[in-house]
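Remember, it's a predicted structure, so these values are computed and weren't measured experimentally. Below, read A as the first sequence line, B as the second, and so on, with proteins coming before strands; counting in each chain starts at 1.
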Number of protein chains: 2
Amino acid sequence: MKWDTLEEEPCSLARTVAVIGDRWSLLILRECFLRIRRFDDFQASLGITRHLLADRLKKLVRFGVLRKIPYQEAPKRYEYILTQKGLDLYPIIMSIVHWGNVHMVDARGRPLLHEHKTCGKMFDPVMVCSECGEPLSAKHVHVHPGPGARRSSPVHASARERTKRSAESA
Amino acid sequence: MKWDTLEEEPCSLARTVAVIGDRWSLLILRECFLRIRRFDDFQASLGITRHLLADRLKKLVRFGVLRKIPYQEAPKRYEYILTQKGLDLYPIIMSIVHWGNVHMVDARGRPLLHEHKTCGKMFDPVMVCSECGEPLSAKHVHVHPGPGARRSSPVHASARERTKRSAESA
DNA sequence: ACCATAAGTTCTATTTTAGAACTGTCAATA
DNA sequence: TATTGACAGTTCTAAAATAGAACTTATGGT
């Protein structure tokens with residue numbers, strides 16, 4: 001499967017994975033949320049190769065997650081800042097960080113702590129239902145096919161069918 | 001940077017990315033949450049190559065996200081099911097799906113809808129503060145170095161230092 | 001003229017992934 | 001008894017992506 005086919009899958013997870021589902025994109029976005037904006041700063045703080053960094057920044061701009069803003073003329077230089085679409089990735093970043101805090105820390109404890117300025121306390125993110133406000137868990141959620149679903153299968157029908165077809169033609 | 005160095009970074013995001021930060025792991029986990037458990041079912045529904053699927057399942061088992069459970073003897077066959085550590089990935093999956101629902105759907109609409117059995121309504125996931133219950137946004141969160149932070153830099157100091165050292169030695 | 005800064009681009013070597021075919025074990029069927 | 005099919009992988013080669021380092025372009029400072 002190629003990357004570009006991923007963003008056309010009838011699945012919101014697959015399409016999002018096309019944007020952030022590689023080793024570096026999420027790390028770059030973490031830096032963005034920590035106020036890093038410039039090429040060399042990304043490069044220094046991540047240790048990513050310049051080649052890959054240029055490529056990933058281009059991709060994130062193409063997807064509308066980052067925007068290039070000039071911060072000086074002559075020579076023309078740009079900063080990369082999060083768009084609203086990019087800022088909306090915050091719950092993804094936070095849920096990933098939280099899982100790491102719970103399941104991947106070593107004896108020394110959490111690398112970062114988060115303070116909620118609104119209430120002044122250190123907090124963890126909690127995912128709740130938009131309708132009743134209760135915390136969510138997988139077993140209390142039922143999945144239905146939506147208007148954008150393919151055929152009868154709620155799950156990823158295109159890949160299933162693609163596989164069937166190639167099995168038939170063999 | 002190699003994959004194994006990633007899981008030792010003093011950053012909960014980097015360590016989680018070491019587990020789920022590739023094209024296929026998240027798609028495999030989506031299938032797990034949709035009750036897929038067997039090798040050929042994963043392969044058929046995702047279109048992933050058998051080689052990579054075997055590799056990724058092994059990795060997810062090694063990280064304790066999935067567990068191999070025998071479902072028949074002779075020939076010995078296993079199912080892959082989510083551990084508690086794996087079930088805890090649900091907020092990550094849901095926040096990714098939700099972002100895709102908001103930002104990546106085409107004209108036909110959402111592929112899937114989610115019903116909260118507890119309240120009976122179709123819902124979206126919302127991330128809130130564990131302390132005050134208010135919805136979270138990046139600008140209301142302040143980051144502090146925690147006990148597991150490296151040196152003065154709250155962010156990923158090891159990579160920064162590694163880069164500095166190689167620049168100095170050059 | 002020389003060096004530094006910033007943001008890339010280009011190059012080769014290595015690693016990862018895609019795609020297909022193959023293996024081993026057993027059950028059911030002809 | 002031989003054959004077929006299901007299942008869970010493994011093995012192979014070719015193609016693609018990544019790592020690591022050097023190079024380019026533009027400009028300002030000494």
Q: Is the backbone N or O of A/V97 less than 3.5 Å from a side-chain atom of B/T16, with the two atoms forming a donor-acceptor pair by type?
A: no
Q: In plain terms, say whether B/R37 and B/E79 are close enough for a salt bridge, that is, a side-chain N and a carboxylate O under 4.0 Å apart.
A: yes
Q: Tell me whether the guanidinium CZ or amine NZ of B/R38 lies under 6.0 angstrom from the six-membered ring centre of B/Y71 and within 45° of its axis.
A: yes
Q: In whole angstroms, how far is the C1' atom of C/dA7 from the CD1 atom of A/I48?
A: 14 Å
Q: If you check the B/A54 side chain, which of D/dT10, D/dA22, D/dT18 turns out closest?
A: D/dT10
Q: In whole angstrom, what separates A/E73's CD from C/dA7's P?
A: 14 Å
Q: Nearest-Å distance, CZ (A/F39) to C1' (C/dA6)?
A: 9 Å
Q: Below the 4.0 Å mark, does D/dG9 have OP1 or OP2 next to a side-chain nitrogen or oxygen of B/K68?
A: yes
Q: Please report, rounded to the nearest Å, how far the C1' atom of C/dT16 is from the CG atom of B/D55.
A: 10 Å
Q: Rounded to whole Å, please give me the gap between CG in B/L52 and P in D/dT10.
A: 13 Å
Q: Look at the side chain of B/T49 and decide which nucleotide, out of D/dA8, C/dC26, C/dA18, has an atom nearest to it.
A: C/dA18
Q: Using 4.0 Å as the upper bound for N to carboxylate O, is an ion pair formed by A/D55 and A/R50?
A: no
Q: Quiz question: going by heavy-atom distance under 3.5 Å, is there a donor-acceptor pair between the base of C/dA6 and the side chain of A/R77?
A: yes
Q: Would you state whether a donor and an acceptor, one from the side chain of A/R38 and one from the base of C/dA7, lie under 3.5 Å apart?
A: no
Q: Considering just the side-chain nitrogens and oxygens of B/Y80, establish if one lies under 4.0 Å of OP1 or OP2 belonging to D/dC7.
A: no
Q: To the nearest Å, how far apart are A/Q72 CD and C/dA7 P?
A: 8 Å
Q: Do B/H51 and B/T49 have side-chain N/O donor and acceptor atoms under 3.5 Å apart?
A: no
Q: Would you tell me if any nitrogen or oxygen in the side chain of B/K58 comes within less than 4.0 Å of OP1 or OP2 on D/dA8?
A: no
Q: Can you figure out which of C/dG8, C/dA6, D/dT10 approaches the side chain of A/D40 most closely?
A: C/dA6
Q: Want to settle it: does A/H51 or A/K76 sit nearer the 5' end of DNA chain D, counting the closest nucleotide to each?
A: A/H51
Q: How many Å lie between CG on B/L46 and P on C/dT17, as a whole number?
A: 15 Å
Q: Distance check: side-chain N/O of B/R56 vs OP1/OP2 of C/dT17, anything under 4.0 Å?
A: yes
Q: Let me know the distance between CG of B/L53 and P of C/dA18, rounded to the nearest Å.
A: 12 Å
Q: Counting only side-chain heavy atoms from C-beta out, which of D/dG9, C/dA18, D/dA19 sits nearest to A/R23?
A: D/dA19
Q: When we call it a touch if two heavy atoms are under 4.0 Å apart, what does A/F42 touch: a base, just sugar-phosphate, or nothing?
A: nothing
